[in-house]
Visitor: 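Quick one: the structure is below, and I'll ask about it shortly.
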Amino acid sequence: MAADWNLPMPGPSPLTPIPTPSRRAKAPLWAVQVVAFLGSLGTGVVTNGVFFLATGACGFTEGMNFGLGLLLGITYIVGAAGVGPALRRFARRSSAVSTRAVLIALSLLMGLVAFVPQLAAWAAGDPARVGWSIWLVVALYSPLSGAFWPLVESYLSGGRSGDRLRRAIGQFNIIWAVAVLFALWAMGPAMKEHPLASLMAFGVVQIASIAFMWPLGSEPGEHILEEHEPHPPEYVPLLTTFRLLLPTSYFLVSVWSPYAPALLARLGVPLAWQTGVAATWMLTRLLAFAAMERWHGWHGRWGAVVVGVVGIVGGIGVALVAPSLGPHLALPGVIAGLAVLGIGNGVIYAAALYYALEVGKGEVEAGGTHEALIGVGFAGGPATGLAATLLVRLGVFPEPVLNLVVLGFLGGVLVIVAILVTRRVWRAARDAA
């Protein structure tokens with residue numbers, strides 16, 4: 001009978017509804033946001049806090065932290081870029097494989113992996129002897145996380161467009177940013193006595209989040225062509241521009257994260273406060289997310305590009321130069337630079353995700369590309385820091401100018417990106433005129 005639904009039937013009432021094939025309903029927004037909050041607690045600790053855990057518990061050096069960051073970035077790219085194609089292959093082989101089933105499996109594995117360092121420390125009797133477990137956690141957790149977030153983002157955007165999608169993305173950004181900030185602040189007091197236990201605790205939370213995945217539905221909501229609002233034509237060049245800026249932004253942020261433990265220790269910041277100070281940029285990023293969620297005037301505007309670029313370039317520049325300004329200006333300068341960096345990062349991230357999901361119509365690959373570009377930044381920043389550290393160790397540059405060497409590397413990359421972005425903005429302004 002399904003094949004005859006749209007054929008004319010003799011003598012029907014004009015008021016009789018014509019049956020239509022079932023459509024996947026969009027996931028409840030509250031469930032998506034709860035999963036995002038709980039998942040971000042663990043992701044925040046591994047992505048941003050693992051360097052403090054490695055330094056405080058296992059004695060990692062700056063060079064080792066940069067190597068750890070490089071591993072994190074490379075494996076994150078693998079997970080984010082591979083989840084869409086892998087999910088399609090599994091679905092073709094078995095009808096039992098669903099997006100929700102994969103999401104549950106990823107959460108379970110991520111939570112269990114977070115147990116490894118603390119269990120290893122208990123077995124060895126000394127956290128300093130289990131540095132290998134930190135490498136293992138990053139090697140396993142990072143690709144799982146890279147695969148996890150595109151699936152969450154597909155549930156966020158599936159079946160939503162226009163104003164509904166804008167509101168959903170704005171709330172999503174605020175919620176996960178609050179979770180990451182809370183995780184970094186919460187782990188600070190535990191750093192001295194129980195550094196690895198905090199990672200295990202957030203692993204428990206990751207596993208508990210599975211309970212909130214059932215309401216999502218087996219698959220994300222689908223975009224129905226006639227219901228999906230067409231996006232303005234300028235969204236496409238804005239998407240490509242922000243996809244260039246997104247890895248650049250995380251490139252700069254990921255230089256800071258592995259370097260932060262050693263730098264803040266040299267500046268005299270107490271161990272319990274280091275993660276909170278290092279997370280300054282996350283606080284101002286949250287403020288940027290909140291502003292962009294409430295005010296939608298940035299949609300389709302190239303001014304957001306300018307704000308984002310000025311924020312990330314000026315912010316990281318001030319943060320890296322400030323330690324050489326003397327004891328009274330060093331720490332305030334670092335905090336001010338991080339604050340500006342967070343605003344730039346927030347503008348770029350929010351715009352990049354919005355255009356990716358609006359233009360990409362909520363497909364897993366749209367979120368996968370977005371997350372893979374973040375992974376490129378995650379890898380590029382530590383690679384730069386590793387190269388600068390190596391040059392200092394070889395005696396090419398003296399130790400006190402390490403910050404300036406890193407800044408020099410960053411400057412070269414930023415010049416190239418600035419030229420490309422300036423060309424795009426100029427071309428857009430000329431076309432508009």
Side-chain angles (χ1 to χ4, degrees), residues 37-60 62 65 68-69 72 114 117 127 134 173-203 205 249-250 252-290 311-312 315-316 318-320 322-323 327-346 349 378 381 385 403:
F37 180 84
L38 297 178
S40 294
L41 291 173
T43 302
V45 171
V46 174
T47 303
N48 300 283
V50 71
F51 306 105
F52 291 93
L53 297 176
T55 301
C58 303
F60 274 37
E62 290 175 7
N65 270 343
L68 194 65
L72 187 152
I134 300 293
N173 288 337
I174 293 171
I175 286 169
W176 73 253
V178 167
V180 172
L181 187 61
F182 173 78
L184 267 290
W185 282 348
M187 67 183 290
M191 283 299 300
K192 189 171 183 179
E193 299 294 335
H194 308 286
L196 300 180
S198 60
L199 181 59
M200 185 172 69
F202 287 119
V205 173
S249 175
Y250 276 90
L252 300 180
V253 166
S254 62
V255 166
W256 164 250
S257 295
Y259 187 47
L263 176 62
L264 295 179
R266 286 199 296 270
L267 294 180
V269 179
L271 184 61
W273 289 92
Q274 287 181 11
T275 54
V277 173
T280 298
W281 69 273
M282 298 180 188
L283 176 60
T284 53
R285 177 180 65 180
L286 173 60
L287 298 178
F289 285 164
I312 60 174
I316 195 65
V318 171
L320 291 178
H328 300 295
L329 295 177
L331 185 57
V334 168
I335 293 174
L338 292 177
V340 176
L341 173 64
I343 293 173
N345 177 268
Y349 181 94
F378 279 156
N403 288 14

Visitor: Determine the minimum heavy-atom distance between Met187 and Gly49, stating which atoms define it.
Guide: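 The answer is CE-O, 3.7 Å.
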Visitor: Name all residues meeting the ring pair (Phe, Tyr, Trp, His ring centres under 6.0 Å) criterion together with Phe202; count only those two or more places apart in sequence or in a different chain, and write none if there are none.
Guide: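 Listed in chain order: nothing, the list is empty.
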Visitor: Starting at CD1 of Ile343, measure out to CG of Leu286 and round the result to the nearest 0.5 Å.
Guide: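 Result: 11.5 Å between the selected atoms.
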Visitor: Tell me, please, which residues at least two apart from Ala201 pass side chain to side chain contact (heavy atoms under 4.5 Å, CB included).
Guide: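 Result, side chain to side chain contact (heavy atoms under 4.5 Å, CB included) vs Ala201: none returned.
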Visitor: According to side chain to side chain contact (heavy atoms under 4.5 Å, CB included), who are the partners of Ile175, at least two apart in sequence or on a separate chain?
Guide: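 With sequence neighbours excluded, Ile175 shows a side chain to side chain contact (heavy atoms under 4.5 Å, CB included) to Gln33, Phe37, given in chain and number order.
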Visitor: For Pro117 and Leu196, which heavy atoms make the closest approach, and how far apart are they?
Guide: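 Minimum heavy-atom separation between Pro117 and Leu196: O-CD1, 3.6 Å.
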Visitor: Sequence neighbours left out, what passes ring pair (Phe, Tyr, Trp, His ring centres under 6.0 Å) with Tyr250? Give chain and number order.
Guide: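 Partners of Tyr250 by the ring pair (Phe, Tyr, Trp, His ring centres under 6.0 Å) criterion, ordered by chain and then number, come out as Phe378.
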Visitor: Between atom CD1 of Ile335 and atom OG1 of Thr284, what is the distance when rounded to the nearest 0.5 Å?
Guide: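 So the CD1 of Ile335 and the OG1 of Thr284 are separated by 11.5 Å.
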Visitor: Show which side-chain atoms of residues 268-275 pair as donor or acceptor with protein atoms under 3.5 Å away, not counting sequence neighbours.
Guide:
{"unit_1": "Gln274", "atom_1": "NE2", "unit_2": "Val269", "atom_2": "O", "d": "3.1"}
{"unit_1": "Thr275", "atom_1": "OG1", "unit_2": "Leu184", "atom_2": "O", "d": "2.8"}

Visitor: Atom OH in Tyr349, atom CZ in Phe289: separation rounded to 0.5 Å?
Guide: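 Answer rounded to 0.5 Å: 6.5 Å.
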Visitor: What's the spacing between Trp281 CH2 and Leu252 CG if we round to 0.5 Å?
Guide: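 CG of Leu252 is found 11.0 Å from CH2 of Trp281.
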Visitor: Counting C-beta onward and ignoring hydrogens, is there a side-chain heavy-atom pair between Leu267 and Val334 closer than 4.5 Å?
Guide: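 Touching, per the 4.5 Å side-chain cut-off.
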Visitor: Per the salt bridge (Lys or Arg N to Asp or Glu O under 4.0 Å) rule, what does the pair list look like for residues 37-48, sequence neighbours excluded?
Guide: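 Residue pairs passing salt bridge (Lys or Arg N to Asp or Glu O under 4.0 Å), neighbours aside: none found.
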Visitor: When you compare the side chain of Leu341 with that of Leu338, does any pair of heavy atoms fall below 4.5 Å?
Guide: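 Yes, close enough: below the 4.5 Å cut-off.
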Visitor: Taking side chain as C-beta onward, heavy atoms only, is Val45 less than 4.5 Å from Leu53?
Guide: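 Val45 reaches Leu53 side chain to side chain.
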Visitor: For Ala114 versus Gly203, what's the shortest heavy-atom pair and its separation?
Guide: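 Smallest interatomic distance, heavy atoms only, reads CB-CA, 3.7 Å.
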Visitor: For Thr55, enumerate each residue passing the side chain to side chain donor-acceptor pair (under 3.5 Å) test, keeping only those at least two apart in sequence or located in another chain.
Guide: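 Counting only residues at least two positions away or on another chain, Thr55 forms a side chain to side chain donor-acceptor pair (under 3.5 Å) with Asn65.
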Visitor: What closest approach, in Å, do Val180 and Ser40 show between heavy atoms, and which atom pair accounts for it?
Guide: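 Nearest pair, atom of Val180 first, then Ser40: CG2-O, 3.7 Å.
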Visitor: Please enumerate all residues that pass side chain to side chain donor-acceptor pair (under 3.5 Å) together with Thr43, with sequence neighbours excluded.
Guide: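 Side chain to side chain donor-acceptor pair (under 3.5 Å) list for Thr43, sorted by chain: Trp149.
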Visitor: Any pair with a residue in residues 274-285 that passes salt bridge (Lys or Arg N to Asp or Glu O under 4.0 Å), sequence neighbours left out, goes on the list, sorted by first then second residue, please.
Guide: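 Sorted result for residues 274-285: empty, none.
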Visitor: Passes side chain to side chain contact (heavy atoms under 4.5 Å, CB included), Leu181 versus Val178? Steps please.
Guide: CA-CA 5 Å; Leu181 187 61; Val178 167; 5.8 Å; no
Visitor: Mind checking what makes side chain to side chain donor-acceptor pair (under 3.5 Å) contact with Ser254, not counting sequence neighbours?
Guide: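 If we apply the side chain to side chain donor-acceptor pair (under 3.5 Å) test to Ser254, skipping adjacent residues, there are no hits.
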Visitor: Considering all heavy atoms of both residues, which atom of Ser249 and which atom of Ile312 are nearest to each other, and what is their separation?
Guide: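 In terms of heavy atoms, the two residues are closest at OG-CG2, 3.7 Å.
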Visitor: Nearest 0.5 Å please: distance from the CG atom of Asn345 over to the CE atom of Met282.
Guide: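 One finds 9.0 Å between CG of Asn345 and CE of Met282.
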Visitor: Nearest heavy-atom pair of Ser198 and Pro195: which atoms, and what distance?
Guide: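 Of all heavy-atom pairs spanning Ser198 and Pro195, the closest is OG-O, 2.7 Å.
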Visitor: Which residue pairs pass the salt bridge (Lys or Arg N to Asp or Glu O under 4.0 Å) test with at least one member in residues 266-280, sequence neighbours excluded?
Guide: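 Listed once each, the pairs are Glu62-Arg266.
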Visitor: What pairs with Trp256 under side chain to side chain donor-acceptor pair (under 3.5 Å), at least two apart in sequence or on another chain?
Guide: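 Residues passing side chain to side chain donor-acceptor pair (under 3.5 Å) with Trp256: none at all.
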